[in-house]
Amino acid sequence: MTGQTATAEPTGPSRSAIDEQLRAILVDVLSLDEERVGEFDADTGLFGHLPELDSMAVATLFTEMEDRLGIVIEDEDVDGEMLETYGGLLAFTEAKCIEA
């Protein structure tokens with residue numbers, strides 16, 4: 001056995017930090033009220049439920065997520081399910097942050 005010690009792989013930012021950043025991005029990109037976004041829960045509908053989140057806004061949202069969170073979102077990563085609810089978008093974002 002060598003003198004090396006095991007180190008844990010970094011897991012990226014905490015869930016609460018990602019949640020906070022994602023909410024800030026939604027406020028900024030969609031020009032939503034901060035209090036309204038603060039009330040979003042896992043079941044809050046996004047695409048198809050928020051008129052502000054149209055197909056053009058989705059592209060801006062992804063670009064902002066990439067810039068602020070240091071992630072890369074490939075076309076094949078995107079599906080309707082991940083944009084359906086806030087919980088889906090948060091889970092997707094967490095996975096991308098861990099992957100980054």
Do any N or O atoms from the side chain of [X] and from the backbone of [Y] form a donor-acceptor pair under 3.5 angstrom?
X	Y	result
R23	F40	yes
D79	M82	yes
D77	E74	yes

Any non-hydrogen side-chain atom of [X] less than 4.5 Å from a side-chain atom of [Y]?
X	Y	answer
Y86	D41	no
T63	V29	no
L22	M65	yes
I71	I73	yes
E34	D28	no
I25	L30	no
V58	L53	yes
L32	E52	yes

List the atom of A100, the atom of G70, and the distance in Å for their closest heavy-atom pair.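 Nearest pair, atom of A100 first, then G70: CB-O, 3.6 Å.
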Residue pair H49 / P51: nearest heavy atoms and the distance that separates them: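 Where H49 meets P51 most closely, the heavy atoms are O-CD, 3.6 Å.
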Could you go through the salt bridge (Lys or Arg N to Asp or Glu O under 4.0 Å) check for R15 and E20 one step at a time? CA-CA 9 Å; R15 179 182 184 93; E20 187 177 304; over 6 Å; no
What is the distance from atom CG of L89 to atom CG of L61, rounded to the nearest 0.5 Å?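 With rounding to 0.5 Å, CG (L89) is 6.0 Å from CG (L61).
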Can you tell me how far the OG1 atom of T44 sits from the CG atom of L50, to the nearest 0.5 Å?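 T44 atom OG1 to L50 atom CG measures 8.5 Å (nearest 0.5 Å).
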Name all residues meeting the salt bridge (charged side-chain N to carboxylate O under 4.0 Å, His left out) criterion together with E99; count only those two or more places apart in sequence or in a different chain, and write none if there are none.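 Testing E99 for salt bridge (charged side-chain N to carboxylate O under 4.0 Å, His left out), a comparison that skips the adjacent residues, returns K96.
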I'd like to know if I18 and V72 are part of one continuous hydrophobic network [Ile/Leu/Val/Met/Phe/Trp/Tyr, side-chain heavy atoms within less than 4.5 Å].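 Looking at the clustering, I18 is in a separate group from V72.
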Results of side-chain hydrogen bond (donor to acceptor under 3.5 Å, both in side chains) for Q21 - residues two or more places apart only: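 With neighbours one apart ignored, the set is empty.
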